[in-house]
Asker: 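Take this structure first; my questions come after.
A note on names: the letters A, B, ... follow the listed sequences, proteins ahead of strands, and every chain is numbered from 1. The figures that follow rest on heavy atoms only: side chains count, while hydrogens, waters and symmetry mates do not. Note that the structure is a prediction, hence the values are computed from the model and not measured.
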Number of protein chains: 4
Amino acid sequence: MKLSERKRSLMESVTRDALYEAAVGLLREEGWKGFTMGKLAARAGVAKGTVYNYFDGKGDVLFFVMERNGMRTAEALKSLADRVEAGEADPVEALGEALQVATSGMYRNRHVIAAIARAFEDDPRLLARKRSCQDPKHPLVTIRDSMLRILEAGVRSGGLVEVDPRGAEAVIHCTMMGLGRLLAMEDRDSHGMGQEDISSLLTRIILHGLRRRGAEL
Amino acid sequence: MKLSERKRSLMESVTRDALYEAAVGLLREEGWKGFTMGKLAARAGVAKGTVYNYFDGKGDVLFFVMERNGMRTAEALKSLADRVEAGEADPVEALGEALQVATSGMYRNRHVIAAIARAFEDDPRLLARKRSCQDPKHPLVTIRDSMLRILEAGVRSGGLVEVDPRGAEAVIHCTMMGLGRLLAMEDRDSHGMGQEDISSLLTRIILHGLRRRGAEL
Amino acid sequence: MKLSERKRSLMESVTRDALYEAAVGLLREEGWKGFTMGKLAARAGVAKGTVYNYFDGKGDVLFFVMERNGMRTAEALKSLADRVEAGEADPVEALGEALQVATSGMYRNRHVIAAIARAFEDDPRLLARKRSCQDPKHPLVTIRDSMLRILEAGVRSGGLVEVDPRGAEAVIHCTMMGLGRLLAMEDRDSHGMGQEDISSLLTRIILHGLRRRGAEL
Amino acid sequence: MKLSERKRSLMESVTRDALYEAAVGLLREEGWKGFTMGKLAARAGVAKGTVYNYFDGKGDVLFFVMERNGMRTAEALKSLADRVEAGEADPVEALGEALQVATSGMYRNRHVIAAIARAFEDDPRLLARKRSCQDPKHPLVTIRDSMLRILEAGVRSGGLVEVDPRGAEAVIHCTMMGLGRLLAMEDRDSHGMGQEDISSLLTRIILHGLRRRGAEL
DNA sequence: GATGAATGAGGTTTCATTCAT
DNA sequence: GATGAATGAAACCTCATTCAT
């Protein structure tokens, strides 16, 4: 019966959503260390066992959150990269926008991202698993890939300095990770500068650092 | 008795050194997660209780390691900043050198630094404590302060673009943290680029991003 | 309707067979500890709930397996006992054959048998239930009963030493259980002797131990 | 200080004894399945963590119990074997006595032994560990070894039938395991025969089965 | 009758810290 | 000051069984 199947599927997605919300809230409030399966279950309003019906374990929950979380940013970057490759957008401007998008995505999801980074450091098995995840549709893969495509176009067009685009992408990636960590500290840590100030400054410096000098003249 | 006091002091410093070595080794080999008071004690060759005679707790050990660890980098940066302020060195060149120094210090101590960053995220109490540590002689304070002084001189001299030096410092700090994390992963993660490639590329991009355009012409 | 009933009955027996196969395979491959209702259902290709429509619980599945499993051995021993009582077979020779049959049945079903024994030790309720099962057609009852009848005939005829046949039967039973455990270990545990060597030696020793001395002369 | 060391050592042995008693009691009353570290700790009157200060884990507790448990039997059999080899005892009589000793040891420790056997089946790692334990002083090794020595002497002297002593030892070992299981059932299971009846009958049958016929004449 | 999501008690182990010696 | 046994909260994960559909 189609109906009962649809019902069931709906129920499942309700539970899955509840688990997602609970997971994000938990990560936000307590970080990866405070993220326990017990709390997750309680917060989502289900039994501990139920969580294990949806996920293989703690690491699996993380992957799920990561995926959902990166989707918006991934889509935005992908469309940007597509437009650049189609010649509809200037690579340098697109890079600025991409950094903007990435940074604000970082800000929105800072807690989750910090927790994720933490989890990877904690558990090498996660890392291995992530690496093996080559699915080109995975948000994280898409994000890095799109950034790389924009950089490649920029270098090709001469708008950016001559760097190995892959290297530049790695630098941006690692810089963003650092930013994520900073943002997650939720801490007007640095000389009283706000997080947004730092974010935008970071974007500017990176962009400036990659832009070809002559291009401006 | 003076003698017995000196003896005691010597013994204490021996123990403290042993604890330092053990802590660094442990962090390097097992990361923050694997860093337990039991292992620390065993590795230093003392009893668990003894560790608690020297440190208030796990967090305190970390602070100690952090302090000792940053000393070399702190001194190098401080002398650089002093020379810049004394007009003996060009701010832009000094900035490049400072980034170099910071990056290589980062590489040398990547495990410790990653663990430290992790610990801060884990335990908000540590953060509070760090913030309250305003001792100007503390290596971490010195490092960030020296970098700031170099940046200020650079902006003042017109060699660098007009940015809020405090903001630029914050950006560099957070970038370095991101790099630290990447380095600690010990993982030719990014498109097969080596860690050193990324490190030097990062330095170049930042430097380039902060340098005034006309200055080069 | 007769037809639909027959259909249902057929379906039921198909499911039951699938469950039997799955249960045996599972016990063989994973032992009692690895035997979970979930795996059983998955392996039989039915839902977990369905298993509970066929059996009261984990213990009940076991009984079913036990029953089916012992049938061949039970029939062989029963016909042996019948022939002995009908005077068509020599009790001592029959005993030897019976031990052979029992031993090889033990070997064939060693995994199942070991698991069953384990389950009984785990769960006293099973034991109580087994004891209450006096159904003379139950394979396990038949097996022990047939062995007892052969022994009684042997003692009566003077071919065996004068022992209480019930005691001898108990001894054989418990010996077989020990053998089952050994066989299930799948382990050339004992001084490098093969399992078959031990099986046949055990048979010989028991038989020799029960045979009247003079009888041989 | 010797005194404080001795005190500490005493305290330790008190705790260890308490743990031993608790473990044995628990195994007796609840079997291996009911044997949990929590119960063990509670019963011994210590914290769960303390148990882990004394033992590496559940398996380790088992080994300890096993060792202590088999000591008496091991010593008795060893002295028997020594006397036989020294020509001070008749091998056949010694075998009878050895079986007696083993049987009654089995009876005394039936619960522990059954649990141990169970644990081995549950956890292959234990088996591997046991196999690797070739320490000739380990009670279990001593027991099997002594029995083997007696059998060898018996076969050599002609008092026993010509069997491979190692095979005979394996048969006895497995028989004893079966007996242990039976005894642990605590169940006047078999035709209403008492456990002692079965034990002694088993001894007799085995002995009879191994004894050379002519020897009696 | 079949389904399979939900339940939740229960198991093992870790480790920061205390405190009597 | 050094010691290290004891503590116990807390984490992760399993699985027999139920029950609404």
Asker: Without decimals, in angstroms, what is the distance between C:Leu10 CG and E:dG1 P?
Answerer: 16 Å
Asker: Taking the inter-plane angle between the rings of B:Phe64 and B:Phe55 on a 0 to 90° scale, is it parallel (under 30°), tilted (30 to 60°) or perpendicular (over 60°)?
Answerer: tilted
Asker: Whole angstroms only, please: what is the CH2-P distance between A:Trp32 and F:dA11?
Answerer: 13 Å
Asker: Start at the 5' end of DNA chain F and walk down; is the nucleotide closest to C:Tyr52 or to A:Gly59 reached first?
Answerer: A:Gly59
Asker: Could you check how far CD of B:Glu30 sits from C1' of E:dT14, rounded to whole Å?
Answerer: 14 Å
Asker: Indicate whether OP1 or OP2 belonging to E:dA6 is found under 4.0 Å from a side-chain N or O atom of A:Tyr54.
Answerer: yes
Asker: Rounded to whole angstroms, how far apart are CE on D:Met37 and C1' on F:dG8?
Answerer: 15 Å
Asker: Within the 3.5 Å criterion, strictly below it, is a donor on D:Asn69 or D:Tyr20 matched to an acceptor on the partner's side chain?
Answerer: yes
Asker: Please give the nucleotide sitting opposite E:dT21 as a Watson-Crick or G-U wobble pair, both distances under 3.5 Å, or none.
Answerer: F:dA2
Asker: In Watson-Crick or G-U wobble terms, both distances under 3.5 Å, what is the partner of F:dC12?
Answerer: E:dG11
Asker: Within the structure shown, what part of the strands sits under 4.0 Å from B:Lys48 by heavy-atom distance: base, sugar-phosphate, or nothing?
Answerer: base
Asker: Select from D:Asn53 and C:Thr50 the residue whose nearest nucleotide in DNA chain E is closer to the 5' end of that strand.
Answerer: C:Thr50
Asker: When you measure from the side chain of D:Thr36, which nucleotide among F:dA16, E:dT12, E:dT17 comes out closest?
Answerer: E:dT12
Asker: Check DNA chain F against residues 11-20 of chain D and give the residues with a non-hydrogen atom under 4.0 Å, in numerical order.
Answerer: D:Glu12, D:Thr15
Asker: Select from A:Val46 and B:Lys39 the residue whose nearest nucleotide in DNA chain E is closer to the 5' end of that strand.
Answerer: A:Val46
Asker: Using a 4.0 Å heavy-atom cut-off, does D:Phe35 contact any base of the nucleic acid, only the sugar-phosphate backbone, or nothing at all?
Answerer: sugar-phosphate
Asker: Tell me: CZ of A:Phe55 to P of E:dA6, nearest whole Å?
Answerer: 11 Å
Asker: Mind calculating the distance between CG (A:Leu40) and P (E:dA6) to the nearest angstrom?
Answerer: 13 Å
Asker: Could B:Glu29 and B:Arg43 be called an ion pair, given the rule that one side-chain N must be under 4.0 Å from one carboxylate O?
Answerer: yes
